[in-house]
Colleague: 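Okay, handing you the structure first.
Values below: all heavy atoms of this structure, side chains included; hydrogens, waters and symmetry mates excluded.
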Amino acid sequence: MMRHEILPGRAVAGLVMLTLAVGYAADAAGAWNAPWTFFVPMLAGGLWLAATVTWVNYRLRRRRSARRASAPAMSP
């Protein structure tokens, strides 16, 4: 019994946001001195990666469901 659908794109986006939050916190605490221009490409790249993972997951699920739908029709 599956309780909920697994969404890897959201997991990747959450990890990216968590990483950015840790980076900002380290910068605010003075443990790390990073320019703000470092975080903007990280945010854009992370969101692009999450979108790519979501798209790949969508395509795999569509292919799998199409294969399941055509399997009974192909059997004698």
Side-chain angles (χ1 to χ4, degrees):
M1 179 170 112
M2 192 170 183
R3 293 185 181 181
H4 59 82
E5 187 177 357
I6 298 171
L7 302 171
R10 288 188 184 184
V12 170
L15 287 173
V16 167
M17 296 303 155
L18 186 61
T19 304
L20 288 172
V22 168
Y24 273 121
D27 190 28
W32 184 39
N33 189 13
W36 68 270
T37 56
F38 172 76
F39 293 104
V40 173
M42 291 292 289
L43 174 66
L47 291 177
W48 178 83
L49 180 63
T52 303
V53 168
T54 300
W55 179 77
V56 168
N57 185 39
Y58 170 76
R59 297 295 295 175
L60 289 174
R61 284 180 185 264
R62 275 195 65 179
R63 179 183 294 179
R64 195 175 304 142
S65 67
R67 200 177 296 159
R68 284 183 190 156
S70 67
M74 296 179 77
S75 62

Colleague: Which ILVMFWY residues are connected to Trp36, directly or by a chain of links, through side-chain heavy atoms under 4.5 Å apart?
Modeller: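 Members alongside Trp36: Val40.
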Colleague: Taking side-chain contact (heavy atoms from CB on, under 4.5 Å) as the definition, give me every residue that meets it alongside Pro41, ordered by chain and number, with sequence neighbours left out.
Modeller: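 Expected list: none.
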Colleague: If a pair satisfies salt bridge (Lys or Arg N to Asp or Glu O under 4.0 Å) and one of its residues is in residues 26-44, list it, with sequence neighbours excluded.
Modeller: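 Every pair satisfying salt bridge (Lys or Arg N to Asp or Glu O under 4.0 Å) with a residue in residues 26-44: there are none.
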Colleague: Which word best sums up how the rings of Tyr24 and Phe39 line up, parallel for under 30°, tilted for 30 to 60°, or perpendicular for over 60°?
Modeller: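 Tyr24 and Phe39: parallel rings.
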Colleague: Shared ILVMFWY cluster between Phe38 and Leu20, side chains joined below 4.5 angstrom?
Modeller: yes
Colleague: Using distance only, find each side-chain donor-acceptor pair of residues 43-61 under 3.5 Å and give its atom names and separation, not counting sequence neighbours.
Modeller:
unit_1, atom_1, unit_2, atom_2, d
Thr52, OG1, Trp48, O, 2.9
Thr54, OG1, Ala50, O, 2.9
Asn57, OD1, Arg61, NE, 3.4
Tyr58, OH, Arg62, NH1, 3.2
Arg61, NH2, Ile6, O, 3.1

